[in-house]
Q: 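Dropping a structure here in structure tokens format, bear with me for questions.
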Amino acid sequence: MKKVLITGGAGYIASHLIKELLKVDKISISVIDNFKTGFLKTIKTLQTLGEFNFTQLDLSNFEVVKQYINENKFDTVIHFAASSIVSDSMKDPINYYMNNTVNSINLIKCCSQNGIKNFIFSSTAAVYGDIKSQHPIKETTATNPINPYGRSKLFIEKILQDESLVNKEFNFGILRYFNVAGADFENKLGECHEPETHLIPLVAKVALGKIDSISIYGNDYKTIDGTCIRDYIHVVDLAYAHIEVINYLEAGNNSDIFNCGYGHGFSVKEVIHEMKNISNNNFLVKKELRREGDPDILIADNKKILKKTNWTPKFDDLKLICSTALKWENTLI
Ligand code: UFG
């Protein structure tokens, strides 16, 4: 029986992974969350789907974390717990470095000292910063984050690399997520941030009449229709990517960094057009000035994860991403 710990299990991406892991044989799953941004309701939903151990635990509580890791002897730790709103990170950088960097360092130290073999880290395309020319973006593309959120994640990438050089038994898989969207096909789980800043859930709210209009932040970018292009990856495909990276590390392969995206993108206007079609609602769209720090285009080169692991994208379909997000949004008050 393999023992897996998931931090931040009440959050959007982690909860979709837990749902998929509950279907895998011979895994004992433990989950922690502090409920600062995750939801108790999500844990309760997951508990109706299968068995796992849940502990409410804040990673800033170093002594308790140390004892918990020491007592449980996990094989793999998948570390999601983090703050993830770019604009907040610019207003309160210290809080981002404390939560995303300091707390992660403590967790990594406990894991490395307690014989944890595999550490899987939720990183982000934000580590690349404002890429002007090199599309799609390879893992070897220079990292140059332009906000504290991206930097708070990049520091941890470097620390994992340094630690695995001195502790040869400690392996890592770093997953750089591009734009994660969509929801569980059974409509039990989905995205819910407070406040919501991401394009797809916001457009879903507009399509359902919860908000009057959607604003397009900038229509003068160097793209085909002037609006920003992003590589939207379905959250269930991303959950599968984690499972394949666990398998990859358990098979004894080397620690590595993997971009997680489909290798092509859609513009803001294309996303809005798709949501109008599927909701049959010609809702109001407003033009706004550019949002600070938005690169024109962010598209993943996903060749490495395709080649080195058994991950095969199954839901590379904007219509499916938008329709699952819309269906989920409809369940929220
Ligand atoms: N956008 C709008 N109107 C909105 C919201 C967003 O036009 O109301 C635009 C943004 O300007 C951007 C695009 O839609 O061009 C996507 O914006 P999101 O806020 O949905 O996502 P980001 O690309 O800004 O960032 C997300 C995550 C980051 C991660 C990044 C990786 O929030 O953590 O994807 O690509 F780093």
Side-chain angles (χ1 to χ4, degrees), residues 4-22 29 31-49 52 54 56 59 78-89 96 99-100 104 120-126 149-150 152-153 175-205 208 210 230-243 245 260-262 271 275 313 315 318 320-333:
V4 176
L5 169 66
I6 292 151
T7 75
Y12 170 45
I13 304 169
S15 59
H16 286 77
L17 172 63
I18 295 166
K19 185 174 181 225
E20 296 310 315
L21 280 178
L22 287 169
I29 304 168
V31 175
I32 59 174
D33 202 288
N34 63 2
F35 295 128
K36 275 198 182 143
T37 51
F39 298 95
L40 176 60
K41 190 172 160 255
T42 304
I43 297 297
K44 290 201 163 147
T45 301
L46 289 166
Q47 282 168 336
T48 66
L49 303 175
F52 60 93
F54 177 75
Q56 184 171 351
L59 290 179
I78 310 174
H79 179 38
F80 288 94
S83 306
S84 63
I85 299 177
V86 172
S87 54
D88 284 355
S89 81
Y96 270 67
N99 195 29
N100 293 1
S104 297
I120 295 175
F121 178 59
S122 296
S123 191
T124 167
Y149 169 65
S152 73
K153 291 283 186 172
L175 276 65
R176 290 181 178 159
Y177 309 155
F178 281 64
N179 287 59
V180 190
D184 164 43
F185 297 107
E186 288 177 290
N187 209 25
K188 292 179 191 288
L189 302 166
E191 187 168 11
C192 186
H193 298 109
E194 285 168 5
E196 189 54 76
T197 60
H198 290 145
L199 180 67
I200 291 184
L202 278 175
V203 183
K205 285 182 199 295
L208 292 168
K210 295 185 184 183
R230 295 289 180 273
D231 187 337
Y232 295 96
I233 175 172
H234 196 288
V235 64
V236 177
D237 261 340
L238 185 60
Y240 293 151
H242 288 78
I243 293 175
V245 172
C260 295
Y262 290 140
V271 169
M275 199 65 92
F315 313 117
L318 184 63
L320 190 66
I321 290 174
C322 289
S323 60
T324 52
L326 185 68
K327 213 169 155 195
W328 168 252
E329 188 59 49
N330 206 20
T331 69
L332 304 175
I333 307 152

Q: Hey, are the side chains of Tyr262 and Asp237 touching, using non-hydrogen atoms and a 4.5 Å cut-off?
A: yes
Q: Quick one: pull up CZ in Phe80 and CD1 in Ile18 and give me the separation to the nearest 0.5 Å.
A: 7.5 Å
Q: So, for Ile321 and Ile233, which heavy atoms are closest and what is the spacing to 0.1 Å?
A: CD1-C, 4.3 Å
Q: With Lys205 as reference, evaluate Glu329, Glu196, Glu191 under the salt bridge (Lys or Arg N to Asp or Glu O under 4.0 Å) test and give the passing residue.
A: Glu329
Q: CG of Leu49 to CD of Glu20: how many Å apart, nearest 0.5 Å?
A: 10.0 Å
Q: Looking only at the side chains, is there a donor atom on one of Tyr177 and Ser122 sitting less than 3.5 Å from an acceptor on the other?
A: yes
Q: Is the gap between the ring centers of Tyr232 and His198 under 6.0 Å?
A: no
Q: Below 4.5 Å, heavy atoms only, C-beta onward: do Phe185 and His234 meet side chain to side chain?
A: yes
Q: With side-chain contact (heavy atoms from CB on, under 4.5 Å) as the test, would you mind laying out the steps for Tyr149 and Asn100 before giving the verdict?
A: CA-CA 8 Å; Tyr149 169 65; Asn100 293 1; 3.9 Å; yes
Q: Just to verify, what does Tyr12 make a ring-ring contact (aromatic ring centres under 6.0 Å, His included) with, not counting sequence neighbours?
A: His16
Q: Between Thr324 (side chain) and Ala183 (backbone), is there a donor-acceptor pair under 3.5 Å?
A: yes
Q: Looking only at non-hydrogen atoms, find the nearest pair between Ser15 and Thr42 and report the distance.
A: CB-CG2, 3.4 Å
Q: Would you please name every residue forming a side-chain hydrogen bond (donor to acceptor under 3.5 Å, both in side chains) with Ser89, sequence neighbours left out?
A: none
Q: Please report the interatomic distance OG1(Thr7) to CG(Asn34), rounded to the nearest 0.5 Å.
A: 9.5 Å
Q: Which pair of heavy atoms, one from Leu59 and one from Ala81, lies closest together, and at what distance?
A: CD1-CB, 3.9 Å
Q: Which heavy atom in Ala14 sits nearest to a heavy atom in Ile6, and how many Å separate them?
A: CB-CG2, 4.0 Å
Q: Is the backbone N or O of Val86 less than 3.5 Å from a side-chain atom of Tyr96, with the two atoms forming a donor-acceptor pair by type?
A: no
Q: Between atom CD1 of Ile43 and atom OG1 of Thr45, what is the distance when rounded to the nearest 0.5 Å?
A: 9.0 Å
Q: How long is the straight-line distance from NZ of Lys153 back to CZ of Phe121, given to the nearest 0.5 Å?
A: 4.0 Å
Q: Quick check: are there more than 12 heavy atoms from other residues, nucleotides or ligands sitting under 6.0 Å from NZ of Lys210?
A: yes
Q: With distance as the sole test, does Asp33 use its side chain to make a donor-acceptor pair with the main-chain N or O of Ala10 at under 3.5 Å?
A: yes
Q: Specify the closest pair of heavy atoms between Ile78 and His242, including all atoms of both residues, with the distance to one decimal.
A: CG2-CD2, 4.0 Å
Q: Should Asp88 and Ser83 count as side-chain neighbours, where that means a heavy-atom distance under 4.5 Å?
A: no
Q: Roughly how far apart are Thr331 OG1 and Leu189 CG, rounded to 0.5 Å?
A: 10.0 Å
Q: Report yes if the side chains of His193 and Pro201 come closer than 4.5 Å at any heavy-atom pair, otherwise no.
A: no
Q: At their closest point, which heavy atom of Leu22 faces which heavy atom of Leu46, and how far apart are they?
A: CD1-O, 3.8 Å
